[in-house]
Amino acid sequence: MTEKKETYYITTPIYYPSSKLHIGHTYCTVMADAMARFKRLTGYDVRFLTGTDEHGQKIQDIAKEKNVTPQEYVDEIVDGIKDLWATMEISYDDFIRTTEPRHVERVQEIFKKIYEKGDIYKGEYEGWYCTPCESFWTETQVEDGKCPDCGRPVKKAKEEAYFFKLSKYQDRLLDLFENNPDFLQPETRRNEMIKFVKQGLDDLCISRSTFDWGIKVPIDEKHVIYVWLDALTNYITALGYPDDPELYDKYWPADIHLVGKEIVRFHTVIWPAMLMSMDLPLPKQVLGHGWLLLEGGKMSKSKGNVVDPVVLIDRYGVDALKYFLLREYTFGQDGVYTNEVMLRRMNFDLANDLGNLLSRTVAMIQKYNGGFVPDSHEENEIDLDLKTIAISAAPKVEEHMNKFEFSVALEEIWVLVRRANKYIDETTPWVLDREEADKERLDTVLHNLAESLRIVSVLIYPFMHTTSGKMRKQLGIWYTEVEWKDALVFDTMSGEQVAKGKQLFPRLDIEKELEELEKMQGPAEEQNIPLELKPEIEYDDFDKIDFRVGTIITAEKHPKADRLLVFQVKMGTETRQIISGVAEDFTPEEMTGKKVIIVANLKPRKLRGMESKGMLMFAENGKRCEIVTTIADDGCVVD
Ligand code: MSP
């Protein structure tokens with residue numbers, strides 16, 4: 001009877017097909033893939049799920065702009081995403097698309113279940129809506145008219161809608177965070193969520209009627225289901241819940257939902273509350289990873305500063321990119337991507353350390369022993385040291401992998417790689433070859449090097465399986481299956497015929513590569529990437545605005561808000577107070593005296609207790625926000 005394996009279910013977020021994926025997205029999928037491969041190798045029955053989140057207003061708007069149907073638009077992008085994962089040899093077991101009938105039907109069943117439980121009611125929603133994020137925000141969450149997640153402007157929206165009784169689950173959620181410290185990691189994310197839940201949870205608006213690219217609410221077809229509710233359920237609809245529960249029964253609850261830090265709230269508050277409402281078990285753990293940033297800030301298509309993984313893969317190979325992503329960045333923290341950091345890692349760790357160790361070892365076995373791995377003989381202290389490091393690496397790698405410490409796990413493997421390189425320098429096989437009397441010693445040294453490399457080929461398998469295969473081919477052990485337990489034992493090799501192969505990783509000329517990459521990636525301005533804008537408006541909407549020219553008489557910091565500046569602005573005969581959230585971009589001194597353009601008929605608003613009547617015009621210029629100024633006289637109408 002075969003032993004029943006323990007199951008391990010790991011998921012990535014399902015990606016928005018609103019643009020091509022960049023290296024930031026691949027980071028999460030590469031981590032999930034390494035973990036899935038590691039768990040398979042260490043004896044688990046793994047299910048690895050990824051997919052795409054295809055509904056929502058944003059997709060509908062982009063499709064309209066491009067004159068195609070939303071389905072046509074997503075089909076093309078999703079093909080590209082699947083191609084990328086194929087190129088990167090991502091070993092997912094299932095790819096779910098939220099437009100697939102299997103998902104659509106199951107989401108409707110889930111909606112009905114929550115409704116029947118009495119946790120969904122009809123009401124009216126008025127709030128601030130951020131279209132790019134598909135998120136509604138309350139007055140207190142919105143900061144100076146901007147979305148608290150992405151910083152882009154939000155707009156007031158009101159609609160009849162269905163609500164989920166999220167507030168009902170507040171105490172159970174708090175209990176979950178407090179009594180289950182492992183549920184959400186890292187610790188900082190957990191603390192943020194405890195604070196968020198303690199502030200009090202509002203019920204959640206879970207339907208929309210202002211657009212229709214979504215799954216219809218089963219009890220009221222005028223509405224579509226809120227895209228996050230639709231998306232979160234993918235983790236169980238992909239397992240066949242509720243109508244075909246075979247996989248669900250086997251793999252749920254998930255062991256890990258791997259998500260970026262900005263979507264932790266959806267996964268640890270809304271998703272568990274939905275599951276609680278359905279009386280289903282909660283995922284065992286949600287892990288919130290950090291972002292890959294560029295030196296100038298977050299990668300974003302609209303800023304035109306994304307790094308395309310395909311360019312890097314074409315030039316350096318999948319394994320080099322995977323290694324870099326997993327080794328360079330600390331899980332949970334943000335990291336800065338630069339071409340130079342990546343090239344250095346590839347050169348030092350891969351070409352120098354690993355590549356050289358293999359090519360030197362194979363060349364020496366060929367030169368000094370006719371190409372066959374010799375047996376070992378009497379051992380000395382240096383041999384024992386190498387051996388101890390080699391056979392103790394696997395448990396250390398395992399320990400760190402179980403904590404998602406990819407970088408530390410790889411460092412442990414490189415301790416062995418570097419030790420083996422040093423071993424060559426210490427034992428000087430080329431000197432041993434000179435005396436017949438040293439033949440046994442030489443055999444032992446070559447044997448130990450081959451053994452160390454064999455163990456490395458097992459250890460790196462979850463991270464770089466192709467490289468592992470190439471190593472095993474050169475070591476003459478290509479016909480044996482990679483098994484984790486083999487990394488725990490030394491002295492298994494005898495008489496294998498080695499075969500010199502191509503360099504695993506060619507040495508890179510960093511200066512030249514930097515120039516080439518710059519040419520390929522191009523300065524952002526030359527890439528002609530269309531800007532990501534808010535939806536088009538009609539001329540009539542624009543015509544409602546009354547622009548005036550004014551002069552800033554005084555400018556000072558808002559006494560209660562660091563980000564706000566309070567201006568007294570003179571327009572013709574009238575002086576009025578206008579408040580703007582630009583204290584981070586401008587000092588009061590540099591604003592005073594400036595001639596500016598004002599939206600003069602904007603409804604007055606109170607901002608942190610002070611009235612603001614009108615709005616100064618600022619425009620986004622790349623990463624900067626710039627003031628719109630004029631040389632005209634005060635009080636002119638600007639057409
Ligand atoms: N569709 C939602 C997820 C729904 S899951 C039920 C979504 N999609 S996304 O495409 O915008 O983002 C997917 C993931 O990519 C997120 O976890 C996000 O954090 C991650 N990343 C996007 N840019 C990133 C970086 N620059 N760096 C690291 N991860 C980044 O959110």
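Remember, it's 1-based here, ligands and their atoms both numbered in the order they're listed. Numbering starts at 1 and runs along the sequence shown. Remember, predicted model here, so these are calculated numbers, not experimental data.
A salt bridge is defined here as a Lys NZ or Arg NE, NH1 or NH2 lying under 4.0 Å from an Asp or Glu carboxylate O, and D334 with K261 meets this definition. With respect to E192 and K195, no salt bridge is recorded, no charged nitrogen being found less than 4.0 Å from a carboxylate O.
Numbered from 1 in the order shown, with element, the atoms of ligand 1 that lie under 4.0 Å from a heavy atom of E262 read 16 (C), 18 (C), 19 (O). Close approach of ligand 1 to A231 (heavy-atom distance below 4.0 Å) involves ligand atoms 6 (C). Listed by number with element, the atoms of ligand 1 under 4.0 Å from a non-hydrogen atom of H22 are 23 (N), 24 (C), 26 (N). Near G290, meaning under 4.0 Å from any of its heavy atoms, are these atoms of ligand 1: 28 (C). The atoms of ligand 1 that sit less than 4.0 Å from any heavy atom of D53 are 1 (N), 2 (C), 4 (C). Atom numbering of ligand 1 starts at 1 in the shown order; those under 4.0 Å from a heavy atom of H289 are 28 (C), 29 (N).
Checking Y251 against D45 by side-chain atom types alone, a donor-acceptor pair falls below 3.5 Å. Side chains of Y235 and H267: a donor-acceptor N/O pair is present below 3.5 angstrom, by distance only. For the residue pair W213 / Q57, no side-chain donor-acceptor distance below 3.5 Å is found, with atom types taken as modelled. No side-chain donor from either of E340 and T338 sits under 3.5 Å from a side-chain acceptor of the other. Defined by atom type and a distance below 3.5 Å, a donor-acceptor pair is present between the side-chain atoms of Y316 and E513.
Looking at W228, Y235, Y15 and measuring to atom 13 (C) of ligand 1, the nearest heavy atom belongs to Y15. Selection from T98, I263, D334 by nearest heavy atom to atom 31 (O) of ligand 1 gives I263.
Both tests hold for K82 against F95: distance to the six-membered ring centre under 6.0 Å, angle to the ring axis within 45°. Y129 does not carry K155 over the face of its six-membered ring by the limits of under 6.0 Å from the centre and within 45° of the normal.
At a 4.0 Å heavy-atom cut-off, ligand 1 does not touch F266 at all. Both the backbone and the side chain of L292 come within 4.0 Å of ligand 1, counting heavy atoms alone.
Checked against a 3.5 angstrom limit, the closest N/O atoms of I14 and ligand 1 fall inside it. The shortest N or O to N or O distance between Y16 and ligand 1 is below 3.5 Å.
Distances shorter than 4.0 angstrom do not occur between any heavy atom of W271 and any atom of ligand 1.
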